[in-house]
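For the single chain, residues carry numbers from 1 onward in sequence order.
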Amino acid sequence: MKKILEHQVPFPVGAESDSFTAALASALVIVRGYTEETPYWCGRNRRYCIHCSSCGDRLLERHQESIYHCLLTASTLAFGFDYPWDDTVEPHSLPGFSNGWRWDESFVNELARFAGFSYLRFDGASAQEEVLSTMKSFLDAGFPALLRLENEMEWILIVGYEADTIYGLGSQFHALPDSWHSVLRDAIVITGNTAPGMSYKELLERIVSALAYDGHMALENVIMDVLGHVTEENAMDIAGMMCGINGVPIEARWHAAEAFGGPGNLLWNICTNKEIHSRLGNVFIARYLMDENDGTHGIGWKIWNALGVGPKTGYAVTKQSAAMILQRETQEALSIKASCTNRQET
């Protein structure tokens with residue numbers, strides 16, 4: 001027997017830093033039956049795609065991005081200053097996440113309620129035949145599975161099988177080695193579509209809770225303390241820390257702004273008051289998308305500029321960044337901007 005699912009979207013697509021969310025977004029393209037013919041709302045042009053540029057030639061990727069925007073938002077991952085699977089951060093800047101967190105069951109269940117799908121979950125202690133037979137059964141029904149293997153931070157999407165060989169999708173389509181079960185950490189087998197179980201009100205309450213979390217203030221205190229103790233020996237590390245903290249909200253809040261940016265996506269589908277949704281979209285766009293302002297996005301770029309970071313450096317720190325952060329005026333500017341960003345979020 002052989003089964004290979006169609007409408008595959010390799011990931012990550014664009015600015016997608018969370019492997020789980022990217023894998024799930026690609027899974028839902030298949031699960032929800034998206035094709036190249038499914039209308040796509042273009043946030044940039046505020047209209048459905050008319051193929052005015054080359055991006056319209058890759059509409060499945062655009063749909064995958066749209067799903068990613070909404071999943072990152074509904075999960076609240078779009079509203080922290082770090083990703084909770086990063087064990088180098090203590091404490092995390094979102095409620096409900098602690099060190100050693102690995103896509104807890106409540107987290108996955110809430111996303112399933114939001115996006116409308118059912119699933120079965122297995123871990124490395126599950127028998128290989130049970131996991132394999134379950135995946136093959138639901139692949140036959142048109143539903144993929146997500147696996148986490150030896151690289152515990154990375155997820156892949158299972159999109160097919162031939163006999164007992166299973167095929168995965170990440171950045172490319174590939175056959176998994178026969179020994180895949182020996183390094184299995186986690187398996188989420190999608191079993192069907194369901195009606196969304198999360199209301200728009202509940203979604204907004206989750207976002208408010210994340211933005212108001214007192215862990216943001218704890219992180220600000222850490223930043224202020226670190227900036228008060230910069231030396232030649234630690235300058236590069238501190239510049240890297242500041243760059244890393246800054247990069248998460250610039251990217252993640254952009255996803256949130258896009259999620260609220262127009263009709264036809266998962267957030268729109270559960271919204272009962274389109275006027276409120278539109279007004280929230282305008283707020284999110286102003287704060288999280290616009291450059292050269294004192295919104296979160298604008299301040300984030302000013303922090304990068306203070307570190308000499310940008311497209312020319314691949315958004316990574318350089319030796320110049322270390323030299324700049326040793327200057328008192330840079331430290332003061334970073335302190336003010338970091339504080340302003342945090343206060344805006346809360």
Side-chain angles (χ1 to χ4, degrees), residues 14-18 43-44 69 72-73 76-83 86 89 91-94 207-228 230 235 237-261 279-318 320-346:
E16 296 180 351
S17 293
D18 180 16
R44 176 179 297 177
H69 299 325
L72 206 71
T73 300
T76 73
L77 295 184
F79 302 101
F81 290 85
D82 60 86
Y83 288 114
D86 183 357
V89 178
H92 285 298
S93 57
L94 286 171
I207 292 173
V208 169
S209 177
L211 289 173
Y213 183 49
D214 57 11
H216 291 190
M217 187 59 68
L219 179 61
E220 180 181 336
N221 292 336
V222 169
I223 291 172
M224 298 309 164
D225 180 66
V226 166
L227 288 174
V230 182
D237 288 340
I238 292 177
M241 169 190 165
M242 289 296 300
C243 184
I245 292 172
N246 189 51
V248 172
I250 284 182
E251 177 186 306
R253 307 299 193 278
W254 170 74
H255 288 296
E258 292 285 357
F260 278 90
R279 289 165 60 187
L280 284 170
N282 291 335
V283 171
F284 275 57
I285 289 170
R287 179 165 292 180
Y288 296 150
L289 279 182
M290 291 183 179
D291 294 329
E292 305 300 331
N293 66 6
D294 287 327
T296 301
H297 193 74
I299 292 175
W301 273 91
K302 291 173 184 177
I303 290 174
W304 267 342
N305 290 335
L307 293 169
V309 169
K312 291 183 179 179
T313 72
Y315 302 101
V317 294
T318 65
Q320 181 190 13
S321 306
M324 294 173 73
I325 206 170
L326 280 167
Q327 301 171 12
R328 171 54 59 183
E329 53 269 32
T330 300
Q331 296 167 22
E332 292 175 351
L334 290 173
S335 297
I336 293 170
K337 289 176 172 62
S339 178
C340 287
T341 300
N342 185 58
R343 303 299 161 78
Q344 281 198 48
E345 293 298 305
T346 57

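The side chain to side chain contact (heavy atoms under 4.5 Å, CB included) check on V89 picks up D82, D86, H92, with sequence neighbours excluded. For N221, the side chain to side chain contact (heavy atoms under 4.5 Å, CB included) test picks out M217, with sequence neighbours left out. The side chain to side chain contact (heavy atoms under 4.5 Å, CB included) check on H297 picks up I250, D291, W301, with sequence neighbours excluded. Taking S209 as the reference, nothing meets the side chain to side chain donor-acceptor pair (under 3.5 Å) condition, with sequence neighbours excluded. Here H69 pairs with W254, H255 under the ring pair (Phe, Tyr, Trp, His ring centres under 6.0 Å) rule; sequence neighbours left out. For E332, the side chain to side chain contact (heavy atoms under 4.5 Å, CB included) partners at least two apart in sequence or on another chain are R328.
Considering only heavy atoms from C-beta on, D225 stays 4.5 Å or farther from E220 through its side chain. For the pair Y83 and L72, the minimum side-chain heavy-atom distance is below 4.5 Å.
Residue A235 comes nearest to L326 through the heavy atom pair CB-CG, 3.9 Å, listed as atom of the first residue, atom of the second, then distance. Summarising the geometry of P249 relative to T296, their closest heavy-atom pair is CB-CG2, 4.5 Å, with the distance given to 0.1 Å. What you find for V309 and C243 is that their closest heavy atoms are CG1-SG, 4.1 Å. Contact detail for A256 and A78: the closest heavy-atom pair is CB-CB, 4.0 Å.
The distance from atom CD1 of I238 to atom OG of S321, rounded to the nearest 0.5 Å, is 13.0 Å. Expressed to the nearest 0.5 Å, how far CG of L94 lies from NE2 of H216 amounts to 5.5 Å. F260 contributes atom CZ, which lies 12.5 Å from atom CG of L289 (distance to the nearest 0.5 angstrom). With values rounded to the nearest 0.5 angstrom, K302 atom NZ is found 13.0 Å from L334 atom CG. Taking CD1 of I285 as the start and CG of L280 as the end, the distance is 11.0 Å to the nearest 0.5 Å. A distance of 8.5 Å separates OG1 in T76 from CD1 in I207, rounded to the nearest 0.5 Å.
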How far apart are the C-alpha atoms of T313 and Q320, what are their side-chain angles, what is the distance that settles it, and do they pass the side-chain contact (heavy atoms from CB on, under 4.5 Å) test?
CA-CA 10 Å; T313 72; Q320 181 190 13; over 6 Å; no
How far apart are the C-alpha atoms of Y213 and L219, what are their side-chain angles, what is the distance that settles it, and do they pass the side-chain contact (heavy atoms from CB on, under 4.5 Å) test?
CA-CA 11 Å; Y213 183 49; L219 179 61; over 6 Å; no
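Between the side chain of S93 and the main chain of F81, a donor-acceptor pair closer than 3.5 Å is present. Proximity of a side-chain donor or acceptor of Q331 to a complementary backbone N or O of I325 within less than 3.5 Å is detected. With T330 contributing its side chain and M324 its backbone, the two residues share a donor-acceptor pair below 3.5 Å. R287 contributes no side-chain N or O that, together with a main-chain N or O of R253, makes up a donor-acceptor pair within less than 3.5 Å.
Ring orientation note: the planes of W304 and Y315 are tilted relative to one another, at an angle of 30° to 60°.
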